[in-house]
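Throughout, numbering of the chain's residues begins at 1 and tracks the sequence. This one's a predicted model, so the numbers in the text were calculated from it and none came from an experiment. Heavy atoms only: backbone and side chains are in, while hydrogens, waters and symmetry mates are out.
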Amino acid sequence: TCRQPLGSIRNRALEKLAACLNLPCKYSDASCIECLSGKDREAHEASCPHRPYGCPMSASCSFTGSKEELLEHLRTGHSVRRRSPVTKAVLQSSANFLEGGVAGGVLFTADSGDEMLFIWSQTIHVLQACIVTFGVPHSHSYSLAIRARGREITWNAPVRDAREPG
């Protein structure tokens with residue numbers, strides 16, 4: 001009978017109409033002023049400079065907020081300190097990074113002026129490290145070398161966006 005539920009039926013005419021409308025970015029509450037339609041809006045929202053940051057220090061940390069709020073969270077919630085100036089010698093010194101425990105981070109400003117965060121965690125057999133940026137990630141890369149007991153391992157990686165999941 002006609003009183004039975006129809007289930008999930010797409011209204012393509014309404015979808016096409018909605019795709020033509022200029023709607024504000026979903027991050028408008030975070031000061032984004034862009035109004036776009038359809039695929040343009042989706043592409044913009046994926047890389048909107050106003051989208052919130054999650055905490056890159058730990059998967060179990062549920063913090064999200066603006067860049068300024070994240071920097072304060074890193075300082076107070078994870079005891080991350082800013083190093084100024086950060087030289088290659090500072091980044092090479094394992095005593096600066098591993099003396100405080102098994103995980104940590106250091107905020108620094110690269111030569112390009114971009115703010116970056118060096119993050120590491122250490123277990124008995126594994127050292128994980130990466131550098132994230134609050135600027136344009138694809139304009140930077142880094143090399144990390146670990147030396148111990150006459151052996152060395154080196155890897156190169158691009159600096160990733162602090163908003164990307166770990």
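Take Asn156 and apply the side chain to side chain donor-acceptor pair (under 3.5 Å) test, not counting sequence neighbours, and it matches Ser143. Remark: Arg10 pairs with Arg12, Glu15 by the side-chain contact (heavy atoms from CB on, under 4.5 Å) rule, at least two apart or across chains. Residues meeting the salt bridge (charged side-chain N to carboxylate O under 4.0 Å, His left out) test with Glu68, sequence neighbours left out: none. For Ser47, there are no side chain to side chain donor-acceptor pair (under 3.5 Å) partners two or more places apart in sequence or in a different chain.
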Would you list the atom pairs, donor with acceptor, under 3.5 Å between side chains in residues 70-79 and any protein atom, with sequence neighbours excluded?
from  : atom 1 : to    : atom 2 : distance (Å)
Glu72 : OE1    : Arg75 : NE     : 3.4
Glu72 : OE1    : Arg75 : NH2    : 3.3
Glu72 : OE2    : Arg75 : NH2    : 2.7
His73 : NE2    : His78 : NE2    : 3.1
Thr76 : OG1    : Glu72 : O      : 2.9

Distance-only check: which donor-acceptor pairs under 3.5 Å involve side-chain atoms of residues 23-43, not counting sequence neighbours?
from  : atom 1 : to    : atom 2 : distance (Å)
Ser28 : OG     : Cys25 : O      : 3.3
Arg41 : NH1    : Leu36 : O      : 3.2

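Proximity of Phe63 to Glu69: side-chain heavy atoms (C-beta onward) are separated by under 4.5 Å at one or more points.
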